[in-house]
> 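Quick one: structure below, then a few questions.
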Amino acid sequence: QAQLVESGGGLVQPGGSLKLSCAVSGFSVSAHVMDWYRQAPGKQRELVARIGSGGSTLYGTSVTGRFMISRDVAKNTVHLQMNSLKSEDTAVYYCNSGSSRRPWGQGTQVTVSS
């Protein structure tokens, strides 16, 4: 039974924007540190954004100033707003709890290409 369902990915031109969503079941996003990771072909999974249970945020150097993580408590969903996208952002994006890891979901593919 999936606890993490990512969506919102797609094909976008460089400089464009996408908003990813992570629908969470089985635990409250308000009580967990929530992370967004990404994995490009041939590369390790890397942390790109984190939001603490109190709302503090952390971003990877490569995405700071361009990405914003947020939490919708009413929908028990975590979002990743991605702006000024570039080809290096192409990857499968995953969410997970940073407090208590769940099985990884399928992720959502983001492809930045002209």
Side-chain angles (χ1 to χ4, degrees):
Q1 185 174 349
Q3 291 187 292
L4 304 166
V5 181
E6 300 93 345
S7 63
L11 176 64
V12 64
Q13 293 184 219
S17 298
L18 283 173
K19 188 175 184 178
L20 308 184
S21 297
C22 172
V24 176
S25 301
F27 66 92
S28 174
V29 301
S30 67
H32 285 238
V33 176
M34 292 300 298
D35 298 335
W36 280 99
Y37 284 79
R38 68 186 182 189
Q39 188 168 29
K43 297 184 178 180
Q44 295 185 359
R45 201 192 313 264
E46 65 171 331
L47 180 69
V48 298
R50 168 171 287 176
I51 185 166
S53 59
S56 61
T57 57
L58 181 70
Y59 298 95
T61 301
S62 63
V63 308
T64 188
R66 300 187 297 120
F67 289 12
M68 181 178 178
I69 187 171
S70 63
R71 178 175 52 220
D72 187 332
V73 175
K75 296 181 179 179
N76 208 40
T77 300
V78 179
H79 299 281
L80 185 68
Q81 177 67 52
M82 306 186 296
N83 300 316
S84 302
L85 285 161
K86 51 188 180 181
S87 60
E88 296 94 312
D89 297 318
T90 296
V92 179
Y93 284 71
Y94 302 88
C95 63
N96 214 320
S97 171
S99 308
S100 180
R101 285 280 194 264
R102 264 56 175 182
W104 295 97
Q106 295 299 303
T108 185
Q109 175 72 234
V110 172
T111 302
V112 185
S113 177
S114 59

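Keep in mind it's a predicted model, so treat the numbers as computed, not measured. Residue numbers start at 1 and run along the sequence shown.
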> Do the side chain of S99 and the main chain of V33 share a donor and acceptor less than 3.5 angstrom apart?
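A pair under 3.5 Å: yes.
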> Which heavy atom of L80 sits nearest a heavy atom of A49, and at what distance?
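For L80 and A49, the tightest heavy-atom pair comes out as CD1-CB, 3.9 Å.
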> Same cluster or not: are Y93 and M68 linked, directly or through other Ile, Leu, Val, Met, Phe, Trp or Tyr residues, by side-chain heavy atoms under 4.5 angstrom apart?
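Yes, one cluster joins them.
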> Taking all atoms of both residues into account, what is the closest heavy-atom pair of A31 and S53, and its distance?
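Closest approach of A31 to S53: C-CB, 4.1 Å.
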> Looking only at non-hydrogen atoms, find the nearest pair between S114 and P14 and report the distance.
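Heavy-atom minimum between the residues: N-CD, 3.7 Å.
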> Please collect all ring-ring contact (aromatic ring centres under 6.0 Å, His included) contacts where either partner lies in residues 54-92, sequence neighbours excluded, each pair once.
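Residue pairs passing ring-ring contact (aromatic ring centres under 6.0 Å, His included), neighbours aside: none found.
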> Distance-only, no hydrogens or angles: does the T90 side chain make a donor-acceptor pair with backbone N or O of V112 under 3.5 Å?
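Side chain of T90 to backbone of V112: a pair is present.
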> Are side-chain heavy atoms of S97 and M34 found at a separation under 4.5 Å?
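Contact flag for S97/M34 side chains = yes.
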> Could you list all the salt bridge (charged side-chain N to carboxylate O under 4.0 Å, His left out) pairs where at least one residue sits in residues 34-48, not counting sequence neighbours?
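Passing the test, one end in residues 34-48: D35-R50, D35-R101, R38-E46, R38-D89.
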> Which pairs pass disulfide bond (SG atoms under 2.5 Å apart) with one or both residues in residues 31-69, sequence neighbours excluded?
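Non-adjacent pairs meeting disulfide bond (SG atoms under 2.5 Å apart): zero.
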> Do Y37 and M82 land in one hydrophobic cluster if side-chain heavy atoms of ILVMFWY residues count as linked below 4.5 Å?
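Unlinked, Y37 and M82 end up in two clusters.
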> State which residues pass side-chain contact (heavy atoms from CB on, under 4.5 Å) with S25; sequence neighbours excluded, sorted by chain then number.
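Once residues adjacent in sequence are excluded, S25 has no partner under the side-chain contact (heavy atoms from CB on, under 4.5 Å) criterion.
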> Side chains of L4 and V24: closer than 4.5 Å at any heavy-atom pair?
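Contact flag for L4/V24 side chains = yes.
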> Going from CH2 on W36 to CG on N96, what distance comes out if it is rounded to the nearest 0.5 angstrom?
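If I round to the nearest 0.5 Å, the distance is 10.5 Å.
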> Using every non-hydrogen atom in the two residues, find where S21 and T77 come nearest and quote the distance to one decimal.
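Between these two residues, the closest heavy atoms are CB-CG2, 4.2 Å.
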> Counting distance only, does the side-chain N/O of N76 pair as donor-acceptor with the main-chain N or O of A23 below 3.5 Å?
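No.
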> With sequence neighbours excluded, give me every disulfide bond (SG atoms under 2.5 Å apart) pair touching residues 72-114.
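Every pair satisfying disulfide bond (SG atoms under 2.5 Å apart) with a residue in residues 72-114: C22-C95.
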> What distance do Q81 atom CD and L20 atom CG have between them, rounded to the nearest 0.5 Å?
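Atom-to-atom, Q81:CD and L20:CG are 8.5 Å apart.
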> Where do A40 and A91 come nearest, in terms of heavy atoms and distance?
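Looking at all heavy atoms of both residues, the shortest contact is N-CB, 3.8 Å.
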> Parallel, tilted or perpendicular: which fits the ring planes of H32 and F27, with parallel below 30° and perpendicular above 60°?
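Tilted.
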> Kindly compute the distance separating CZ (R66) from OG (S17), expressed to the nearest 0.5 Å.
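Separation between the atoms: 10.0 Å.
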> Taking only residues at least two apart or on different chains, which pairs with a member in residues 4-24 satisfy salt bridge (charged side-chain N to carboxylate O under 4.0 Å, His left out)?
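Sorted pair list comes back empty.
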> How long is the straight-line distance from CZ of R71 back to CD1 of I51, given to the nearest 0.5 Å?
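Here the interatomic distance stands at 4.0 Å.
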> We want to know whether S28 and S30 form a side-chain donor-acceptor pair, criterion being a heavy-atom distance below 3.5 angstrom.
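On atom types as modelled, these side chains qualify, holding a pair under 3.5 Å.
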> Do you reckon L85 sits in the same ILVMFWY cluster as Y94, going by side-chain contacts under 4.5 Å, direct or chained?
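Shared cluster, no.
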> Looking at every heavy atom in both Q3 and P103, which two are closest together, and how far apart are they?
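That would be OE1-CD, 4.1 Å.
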